[in-house]
Engineer: 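Shown below is the structure under consideration.
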Amino acid sequence: MSELAPCKPEVSAFESRGKPTEMDHILAANKKNVLAKLTERSTASQARKPEILCAGLMLLMDGAWSAARMFRSDNHAKHVLAVAQALVAAQVEQDLLNLKPQLSSRSIVLEG
């Protein structure tokens, strides 16, 4: 297990370190906000199972963030847009080929 020590998960706001801090509560509230917005949009787009789509997108965002932190610039998070499009396409009957990603340093916005 010691060879994995440098790879401790950084994404989790609540690690087993005792009582959650004020920052943990802020991070959890922000995550809940993002999940609520994803749920709203998934429901509006008539996703077959909005809760599953939202959970998948949240896991994808967290995983991409973690990969970028761990592997820096050359990482598998570079495929996050294609994977997100595949998740959405599996849930929503729309042609995603017309979406153009607008990348910024903090987020990816899909514009149709």
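The figures here come from the full heavy-atom set of this structure, side chains too, leaving out hydrogens, waters and symmetry mates.
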Engineer: Determine whether Leu38 and Met61 make a side-chain contact, defined as any pair of heavy atoms from C-beta on separated by less than 4.5 Å.
Structural biologist: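 Heavy-atom side-chain distance check passes, below 4.5 Å.
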
Engineer: Could you check if a side-chain atom of Ile26 sits within less than 4.5 angstrom of a side-chain atom of Glu22, using non-hydrogen atoms only?
Structural biologist: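 Yes, at least one pair of side-chain atoms sits under 4.5 Å.
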
Engineer: Are Ser42 and Gln91 packed together at the side-chain level, in the sense that at least one heavy-atom pair is separated by less than 4.5 angstrom?
Structural biologist: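 Heavy-atom side-chain distance check fails, nothing below 4.5 Å.
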
Engineer: Can you name the closest pair of heavy atoms from Asp24 and Thr21 and give their distance?
Structural biologist: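 Where Asp24 meets Thr21 most closely, the heavy atoms are OD2-N, 2.9 Å.
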
Engineer: Hey, could you give me the NZ/NE2 distance between Lys32 and His25, rounded to the nearest 0.5 Å?
Structural biologist: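 Lys32 NZ to His25 NE2: 9.5 Å, rounded to 0.5 Å.
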
Engineer: Can you sort out the partners of Leu87 under side-chain contact (heavy atoms from CB on, under 4.5 Å), two or more places apart, ordered by chain and number?
Structural biologist: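 Only Leu53, Leu57, Leu60 meet the side-chain contact (heavy atoms from CB on, under 4.5 Å) criterion with Leu87.
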
Engineer: Minimum heavy-atom separation for Ala89 and Arg48, please, with both atom names.
Structural biologist: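 Closest pair (atom of Ala89, atom of Arg48, distance): O-NH2, 4.2 Å.
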
Engineer: Applying a strict under-4.5 Å side-chain criterion to I, L, V, M, F, W and Y, I'd like to know whether Val92 and Leu59 cluster together.
Structural biologist: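 No, Val92 does not connect to Leu59 through the hydrophobic network.
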
Engineer: Could you grab the distance from atom CE of Met70 to atom NE2 of His76, nearest 0.5 Å is fine?
Structural biologist: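 Answer for the CE-NE2 pair, Met70 versus His76, is 8.5 Å.
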
Engineer: How about Gln46: does its CD atom have over 12 heavy atoms from other parts shown lying under 6.0 Å from it?
Structural biologist: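 For Gln46, atom CD is not crowded (no more than 12 foreign heavy atoms under 6.0 Å).
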
Engineer: List the atom of Ala77, the atom of Ala64, and the distance in Å for their closest heavy-atom pair.
Structural biologist: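 Nearest heavy atoms, Ala77 then Ala64: CB-O, 3.6 Å.
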
Engineer: Side-chain contact test, heavy atoms from C-beta onward, threshold under 4.5 Å: evaluate it for Glu51 versus Thr39 and give yes or no.
Structural biologist: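 In short, these two side chains do not touch, never coming nearer than 4.5 Å.
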
Engineer: Short question: side chain of Ser66, backbone of Asp62 - any donor-acceptor pair under 3.5 Å?
Structural biologist: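 It does not hold such a pair.
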
Engineer: Hydrophobic clustering (ILVMFWY, side-chain heavy atoms < 4.5 Å, transitive) - are Val80 and Met58 grouped together?
Structural biologist: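 Yes, because Met58 and Val80 connect within a single hydrophobic cluster, where side-chain heavy atoms sit under 4.5 Å apart.
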
Engineer: Is atom CG of Asn33 surrounded by more than 12 heavy atoms (other residues, nucleotides or ligands) closer than 6.0 Å?
Structural biologist: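 Yes, the 6.0 Å shell around CG holds more than 12 heavy atoms from other groups.
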
Engineer: How far does SG of Cys54 sit from NZ of Lys49, to the nearest 0.5 angstrom?
Structural biologist: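 It is 14.0 Å, given to the nearest 0.5 Å.
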
